[in-house]
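Values reported hereafter were calculated over all heavy atoms of this structure, with side chains retained and with hydrogens, waters and symmetry mates removed.
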Amino acid sequence: MEASKKYHYFASDFHLGAPTLETSRAREKRIVSWLNEIQKDAASLYLVGDVFDFWFEYKHAVPKGSVRLLGKLAEFVDAGIPVHLFGGNHDMWMFSYLQEEIGVQVHFDEYQFQINLKKFYVAHGDGLGPGDNGFKFMKFFFRNPVFQWLFARLHPNFGIGVAAYSSRSSRNMNAEEDRLYVGPEKERLWHYVKEIHPTTQADYYFFGHRHLPLKYRIDHATYINLGEWLNYETFVRFDGENAELMTWKQNSFETYITLSEKA
C-alpha cells in the first residue's frame with residue numbers, strides 16, 4: 001500500500017493573547033482545528049515567530065494562556081513530527097521552557113536548511129532590510145542578556161503586565177501600515193532578499209513579521225511573507241517540490257492569491 005503524501009507546513013504571527021482574551025481564545029481554537037487537520041499528513045511544522053503577542057520566561061513562571069496550542073504542539077512532537085518555533089519581536093524572550101517541556105526546536109535568527117534538495121531561508125524578519133533603525137536598536141537592546149536579567153528581577157504581575165501593554169501598543173501603532181500594500185519598492189524584506197540572494201541562492205525565502213501575505217519571484221527562487229492569523233489565516237504547504245500559499249477557510253484549504261500577485 002502506497003504511503004500517504006507528506007507535507008511541510010509554515011505559518012506565522014498568531015499573536016495569541018491579543019487583542020482580548022475572548023478573540024484570542026477563538027483564534028487559538030481555529031489554529032488548533034487547523035493543526036488537527038494537518039497533523040495527519042505533516043512531515044514537519046515551522047511557526048515563524050510572534051506565535052504569542054508577548055512571552056517571557058521567568059525561572060519559575062511563564063505567561064498564562066495558550067494551553068490548547070501548547071498541548072497540540074506537544075502532540076506533534078510526541079508523534080514524531082518535528083516542530084520548529086522561531087522567536088519574533090513579540091516573543092523573543094523564549095529560553096529553555098518550551099524546548100524542555102514540549103520538545104520544540106527554537107530558533108532566534110535565520111534558519112537555513114534543505115528539503116528534497118530545495119534550499120530554504122526562513123526567519124521572522126524583524127530588523128531585516130533597509131531602514132527601521134529604531135527598531136533594530138530596540139531588538140539589540142532587548143536581546144542583551146544583561147537587560148533580560150534585569151527584567152527577570154521584576155515581579156511577574158508587574159513585568160508581564162507592562163511588557164504586554166507595550167506589545168499591544170506596538171502592534172496597534174503598526175496595524176494600519178501592515179494592511180497597506182504600496183508595491184515592492186516599499187517592502188523591506190523584499191529588498192533584503194534581493195540583497196542576500198546572490199550569496200544565499202536559496203530556492204525559498206519565508207518570513208513573518210510583515211503581516212500582509214506577499215509573494216514574489218527572484219530568478220529561480222520564491223519569496224513569501226506568511227501573513228498572520230488575526231485576519232488572513234494563511235500558511236504555506238510544501239510538498240517536497242512546490243510551495244503553495246494557502247488560507248484556512250471554513251475548515252478547508254484554499255489557495256491564497258496575494259495583492260503582489262494581483263498587481
Next on the checklist: Do Leu212 and Tyr232 make a side-chain contact, defined as non-hydrogen atoms from C-beta onward lying under 4.5 Å apart?
Outcome noted: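 Side-chain contact under 4.5 Å: yes.
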Checklist entry - Side-chain contact, heavy-atom cut-off 4.5 Å: Asn89 with His209? => result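 Sidechains of His209 and Asn89: in contact.
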Item to check | For the student: nearest non-hydrogen atoms of His220 and Ala202, plus distance | outcome: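 Shortest heavy-atom contact: NE2-O, 3.5 Å.
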Next on the checklist: On a heavy-atom basis, which atom in Tyr58 and which in Leu154 lie closest, and how many Å separate them?
Outcome noted: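 For Tyr58 versus Leu154, the nearest heavy atoms are CE2-O, 3.0 Å.
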Next on the checklist: Count I, L, V, M, F, W, Y as connected when their side-chain heavy atoms are under 4.5 Å apart, and connections chain through other members. Are Leu85 and Ile102 then in the same cluster?
Outcome noted: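 Same cluster: Leu85 reaches Ile102 through Ile, Leu, Val, Met, Phe, Trp or Tyr contacts under 4.5 Å.
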Checklist entry - For Glu187, which residues count as a salt bridge (Lys or Arg N to Asp or Glu O under 4.0 Å) partner, sequence neighbours excluded? => result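 For Glu187, the residues satisfying salt bridge (Lys or Arg N to Asp or Glu O under 4.0 Å) (neighbours in sequence not counted) are Arg210.
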Checklist entry - Does a side chain donor of either His15 or His211 reach within less than 3.5 Å of an acceptor in the other side chain? => result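 Yes, His211 and His15 have a side-chain donor paired with an acceptor closer than 3.5 Å.
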Checklist entry - Do you know which of Lys118, Lys6, Lys5 makes salt bridge (charged side-chain N to carboxylate O under 4.0 Å, His left out) with Asp239? => result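 Checked Lys118, Lys6, Lys5 against Asp239; only one passes salt bridge (charged side-chain N to carboxylate O under 4.0 Å, His left out): Lys5.
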Judged by atom type as modelled, is there a donor-acceptor pair below 3.5 Å linking the side chain of [X] to the main-chain atoms of [Y]?
X	Y	answer
Lys119	Thr200	yes
Ser252	Lys249	yes
Gln99	Gln105	no
Glu28	Leu69	yes

Checklist entry - Mind checking whether Phe108 and Phe86 have ring centres under 6.0 Å apart? => result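 When the ring centroids of Phe108 and Phe86 are compared, they turn out to be at least 6.0 Å apart.
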Checklist entry - So among Tyr223, Tyr121, Tyr205, which one has a ring pair (Phe, Tyr, Trp, His ring centres under 6.0 Å) with His197? => result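 That would be Tyr205.
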Checklist entry - Only one of Tyr7, Phe113, Tyr204 forms a ring pair (Phe, Tyr, Trp, His ring centres under 6.0 Å) with Phe238, so which one is it? => result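 The option that passes is Tyr204.
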Checklist entry - Quick one: does NZ or CZ of Arg237 land under 6.0 Å from the six-membered ring centre of Tyr9, within 45 degrees of the ring axis? => result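 Relative to the ring axis of Tyr9, which defines the angle, Arg237 lies outside at least one limit.
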Checklist entry - Hey, are Arg25 and Glu22 close enough for a salt bridge, meaning a charged N less than 4.0 Å from a carboxylate O? => result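 Salt bridge flag = no for Glu22 with Arg25.
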